[in-house]
Number of protein chains: 2
Amino acid sequence: MVKKKELIGQTQSKIFDAATEVFEEKGYTGARMQEIADRAGINKALLHYYFRTKDQLFMAVFQVLLKRMLDKILSIFNEEATFKEKMRRFLDEHIEFLIKNPRLPIFLLNEISRNPELAEGLKETLQYGQIRDLIYDKHSKELKGYGIKKSDMPQLMITIVGMSVFPVAARDMMAIVMPQMNENRKFNAFMQERKEFAAGFIMTALKNRKK
Amino acid sequence: MVKKKELIGQTQSKIFDAATEVFEEKGYTGARMQEIADRAGINKALLHYYFRTKDQLFMAVFQVLLKRMLDKILSIFNEEATFKEKMRRFLDEHIEFLIKNPRLPIFLLNEISRNPELAEGLKETLQYGQIRDLIYDKHSKELKGYGIKKSDMPQLMITIVGMSVFPVAARDMMAIVMPQMNENRKFNAFMQERKEFAAGFIMTALKNRKK
DNA sequence: TCTATCTTTGACCAACTAGTTAAATTAATT
DNA sequence: AATTAATTTAACTAGTTGGTCAAAGATAGA
């Protein structure tokens with residue numbers, strides 16, 4: 001027999017999963033509490049019983065997804081390895097992550113840009129705010145060897161992250177110009193290929209950079 | 001005295017501008033016909049007189065904005081110049097364009113990803129679908145010299161476009177990790193700097209690419 | 001000036017939305 | 001088995017939304 005407390009957990013997590021799906025697909029303004037309830041297999045009143053308002057439910061989902069994304073980006077850079085190795089591992093793992101979560105980037109980008117306060121909570125976390133300096137200091141010798149100054153770090157970091165995120169976020173738009181992108185099989189092949197292309201591209205640019 | 005026909009044009013374009021603003025800010029689902037009417041300085045019934053439904057108004061705005069974006073991307077590549085020169089000009093002009101239209105990328109990306117049929121109309125335009133081949137054929141010698149095969153074009157093109165678009169689209173998210181991005185002055189300086197950074201980065205990667 | 005047509009409006013409506021409530025059901029405790 | 005507490009539901013509400021309509025106002029041509 002299923003215990004009540006397990007059911008709570010089950011129900012709550014069913015709601016959470018359903019809400020994640022719907023919010024990712026439709027965004028905050030496009031999401032409907034009724035649809036979330038339907039997909040969770042419960043009714044609307046129970047939804048409001050667990051999460052009093054749409055805002056509360058959205059916040060819970062959003063915080064988790066944003067943290068998941070940032071941690072995925074940052075965790076690799078906390079390990080012990082050369083910058084070059086970290087970058088390769090980042091592109092490998094992040095692209096795998098994005099293939100499994102293709103709607104996540106646009107969802108996050110869109111919601112944050114429409115309501116920047118959503119990110120306020122995480123900004124306070126010191127861990128995130130100074131990451132640029134931490135990464136640079138850890139690899140200053142290697143990076144200086146590539147002609148990268150501390151002030152170049154934003155350019156470099158955004159370039160690396162953009163290499164993996166942009167193709168996923170812009171897929172449907174780029175597909176206008178490159179119809180192959182519409183086929184899932186071809187797009188996945190493109191993303192697999194991108195791991196090596198991006199890593200090689202960046203390393204070549206760094207190694208031969210004018211100093 | 002203002003002629004009636006001029007007024008029509010004025011009203012219609014006031015509606016169009018207001019709708020562009022509101023849709024860009026709030027997206028389709030977040031936009032309100034009442035707010036569009038208010039910003040255009042008219043009432044809701046007149047709004048529906050000129051554009052019968054929200055969908056019709058949205059479509060009109062969306063088509064114009066999508067075309068504006070794609071033309072900006074593609075026009076430069078139709079000119080006569082080396083690939084290298086075109087890429088530099090593209091980054092210069094596209095970044096300027098994006099500084100003036102900072103909400104445009106997220107708006108387009110978001111709406112297209114939520115409803116890919118929005119792009120169907122433009123896909124038919126042969127001009128767009130085969131652009132990859134056209135560009136390659138025009139510069140095949142130069143690109144082969146960089147070790148770029150025709151099958152590498154999607155990777156290269158998405159890399160170039162992402163260099164300019166991603167920082168604008170991901171600004172508020174990257175600002176969590178790099179708080180400087182929040183200040184408009186610093187962000188604009190970053191984007192100005194990016195013209196040279198991106199162009200230099202890409203050319204270095206191309207010139208030293210393993211063949 | 002009169003008339004036919006095109007514009008503009010305030011008031012309205014039906015459908016939908018987030019959120020509430022009170023009562024029914026289920027589970028845990030004694 | 002009875003009591004208590006937690007869980008689930010159908011039915012409802014108040015506010016918002018896109019869209020309509022009939023009538024008033026403005027314009028150009030005769």
Side-chain angles (χ1 to χ4, degrees), chain A residues 1-63 107 110-111 114-115 117-118, chain B residues 1-63 107 110-111 114-115 117-118:
Chain A
M1 186 63 174
V2 188
K3 288 270 176 67
K4 200 82 189 217
K5 278 189 180 171
E6 292 170 21
L7 257 179
I8 298 174
Q10 276 180 31
T11 302
Q12 203 155 21
S13 98
K14 269 198 303 179
I15 292 175
F16 198 90
D17 293 347
T20 301
E21 268 184 44
V22 176
F23 281 131
E24 268 195 11
E25 277 176 35
K26 312 278 177 80
Y28 177 82
T29 53
R32 296 288 168 254
M33 293 298 269
Q34 187 61 60
E35 186 175 357
I36 294 172
D38 291 347
R39 288 211 207 178
I42 56 165
N43 72 11
K44 204 157 54 98
L46 185 57
L47 191 58
H48 284 283
Y49 173 79
Y50 278 101
F51 297 89
R52 211 161 308 156
T53 64
K54 185 183 181 182
D55 276 80
Q56 256 180 52
L57 176 56
F58 176 79
M59 284 303 184
V61 169
F62 184 84
Q63 295 297 330
F107 168 72
N110 191 45
E111 299 298 338
R114 235 147 251 176
N115 182 8
E117 287 114 57
L118 284 173
Chain B
M1 188 60 175
V2 188
K3 287 270 175 70
K4 199 80 191 219
K5 279 190 179 170
E6 292 171 22
L7 256 179
I8 299 174
Q10 277 181 31
T11 303
Q12 203 156 19
S13 99
K14 269 198 303 179
I15 292 176
F16 198 90
D17 293 346
T20 301
E21 269 185 43
V22 176
F23 281 131
E24 268 195 10
E25 277 175 36
K26 312 279 176 77
Y28 177 82
T29 53
R32 297 289 167 253
M33 293 299 267
Q34 187 61 61
E35 187 176 354
I36 294 172
D38 290 347
R39 288 211 209 178
I42 56 164
N43 72 10
K44 205 158 52 100
L46 186 56
L47 191 58
H48 284 281
Y49 174 79
Y50 278 101
F51 297 88
R52 212 163 305 156
T53 65
K54 187 184 182 182
D55 277 79
Q56 256 180 52
L57 176 56
F58 176 78
M59 284 303 185
V61 169
F62 184 84
Q63 295 298 331
F107 168 72
N110 190 46
E111 300 298 339
R114 235 147 253 174
N115 183 7
E117 287 115 57
L118 283 173

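Letters A, B, ... are given to chains in the order of the sequence lines, protein chains preceding strands, and every chain is numbered from 1. Any value given below was found using the heavy atoms of this structure, including those in side chains, with hydrogens, waters and symmetry copies removed.
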Next item on the list: Look at the side chain of B:R32 and decide which nucleotide, out of D:dT17, C:dG19, D:dT20, has an atom nearest to it.
Entry: D:dT17

Notebook entry, point to check: Between B:Y50 and C:dT8, does any side-chain N or O lie under 4.0 Å from OP1 or OP2?
Noted result: yes

Check: Atom NZ of B:K26 to atom P of D:dT17: distance rounded to whole Å?
Finding: 10 Å

Item checked: Gap between atoms CE and P, on B:M33 and D:dT20 respectively (whole Å) -> 10 Å

Check: Taking atom P of C:dC13 as reference, at what distance in whole Å does atom NE2 of B:H48 sit?
Finding: 17 Å

Notebook entry, point to check: Between B:Y28 and B:D55, do the side chains contain an N or O donor and an N or O acceptor separated by less than 3.5 Å?
Noted result: yes

Note to self: Using whole Å, what does the distance between atom C1' of nucleotide D:dT8 and atom CG of A:L46 come to?
What the structure shows: 6 Å

Check: How many Å lie between CD on A:Q34 and C1' on D:dT9, as a whole number?
Finding: 13 Å

Checklist line | From NZ (B:K54) to NE2 (B:H48), nearest 0.5 Å | finding: 10.0 Å

Check: Is B:A31 touching bases, backbone alone, or none of the nucleic acid, heavy atoms closer than 4.0 Å?
Finding: sugar-phosphate

Next item on the list: Flag the pair A:R39 and A:E21 as a salt bridge only when some basic side-chain nitrogen lies within less than 4.0 angstrom of an acidic carboxylate oxygen.
Entry: yes

Note to self: Without decimals, in angstroms, what is the distance between B:K54 NZ and C:dA15 P?
What the structure shows: 19 Å

Notebook entry, point to check: When the distance from CG of B:D38 to C1' of D:dT17 is rounded to whole Å, what number comes out?
Noted result: 14 Å

Margin query: From C-beta outward on B:K44, which listed nucleotide comes closest to its side chain: C:dA18, D:dG18, D:dT20?
Written below: D:dG18

Margin query: Could you tell me how far apart A:Y49 (OH) and C:dA24 (P) are, to the nearest whole angstrom?
Written below: 18 Å

Note to self: Suppose we screen for salt bridge (charged side-chain N to carboxylate O under 4.0 Å, His left out). Which residues come up paired with B:E24, at least two apart in sequence or across chains?
What the structure shows: none

